[in-house]
Amino acid sequence: MERLHQSVPDGQMWSMSWVAYFVPLLKYGIAIAILNAISFVPWWVTALLAARLVYKLLDLAFTVIALDSQGVWLHRGFLPWSKGMIGVKWRDID
């Protein structure tokens, strides 16, 4: 996690580090390379995998963890129907 320059009024915010992007890039990169090596796989299968990779990377880019006086919150989602926030209040941890 990397700390963001912006912060919530009484807390801190973090975004994903570059390490979080490594696993999807490696996994989908290997899958796309293998599918390109196989000659009988349709081109649209590779395009779907590439689109899924872009979606995963954007989802990671829009993931933010916020820490404030009320609790810890996870904000994620870049599409209007997938935006959301979940969290734990400090009073619920005990």
(message) Do Leu25 and Leu57 make a side-chain contact, defined as non-hydrogen atoms from C-beta onward lying under 4.5 Å apart?
(response) yes

(message) Hydrophobic clusters here meaning ILVMFWY residues chained together by side-chain heavy-atom distances under 4.5 Å, can you tell me if Leu79 and Leu48 are in one?
(response) no

(message) Please enumerate all residues that pass ring-ring contact (aromatic ring centres under 6.0 Å, His included) together with Tyr21, with sequence neighbours excluded.
(response) none

(message) Count I, L, V, M, F, W, Y as connected when their side-chain heavy atoms are under 4.5 Å apart, and connections chain through other members. Are Leu35 and Leu26 then in the same cluster?
(response) yes

(request) Quick one: name the residues clustered hydrophobically with Trp73, using the 4.5 Å side-chain heavy-atom rule over I, L, V, M, F, W, Y, and just say none if it's on its own. (result) Met85

(message) Return the OG1 to CG distance between Thr63 and Leu58, rounded to the nearest 0.5 Å.
(response) 10.5 Å

(message) I'd like to know if Val54 and Phe62 are part of one continuous hydrophobic network [Ile/Leu/Val/Met/Phe/Trp/Tyr, side-chain heavy atoms within less than 4.5 Å].
(response) yes

(request) Decide yes or no for Pro24 and Leu60: does some side-chain heavy atom of the first lie under 4.5 Å from some side-chain heavy atom of the second? (result) yes

(request) Could you state whether Leu74 and Trp90 fall into the same hydrophobic cluster, counting links through intermediate Ile, Leu, Val, Met, Phe, Trp or Tyr residues with side-chain heavy atoms under 4.5 angstrom apart? (result) yes

(message) Return the CD to CG distance between Gln12 and Asp68, rounded to the nearest 0.5 Å.
(response) 10.5 Å

(request) To the nearest 0.5 Å, tell me how far Leu53 CG sits from Lys27 NZ. (result) 10.0 Å

(request) Please round to the nearest 0.5 Å and tell me the distance separating atom CH2 of Trp81 and atom NZ of Lys83. (result) 11.0 Å

(request) Output every pair passing side-chain hydrogen bond (donor to acceptor under 3.5 Å, both in side chains) with a member in residues 43-57, not counting sequence neighbours, ordered by first then second residue. (result) Tyr28-Arg52

(request) Might you point out which heavy atoms bring Leu49 and Ala31 nearest each other, and give the distance in Å? (result) CD1-CB, 4.0 Å

(request) Say whether Ile30 and Val23 are linked into one hydrophobic cluster, either directly or through other cluster members, by side-chain heavy-atom distances under 4.5 angstrom. (result) no

(request) Hey, could you give me the NZ/OG distance between Lys89 and Ser69, rounded to the nearest 0.5 Å? (result) 10.5 Å

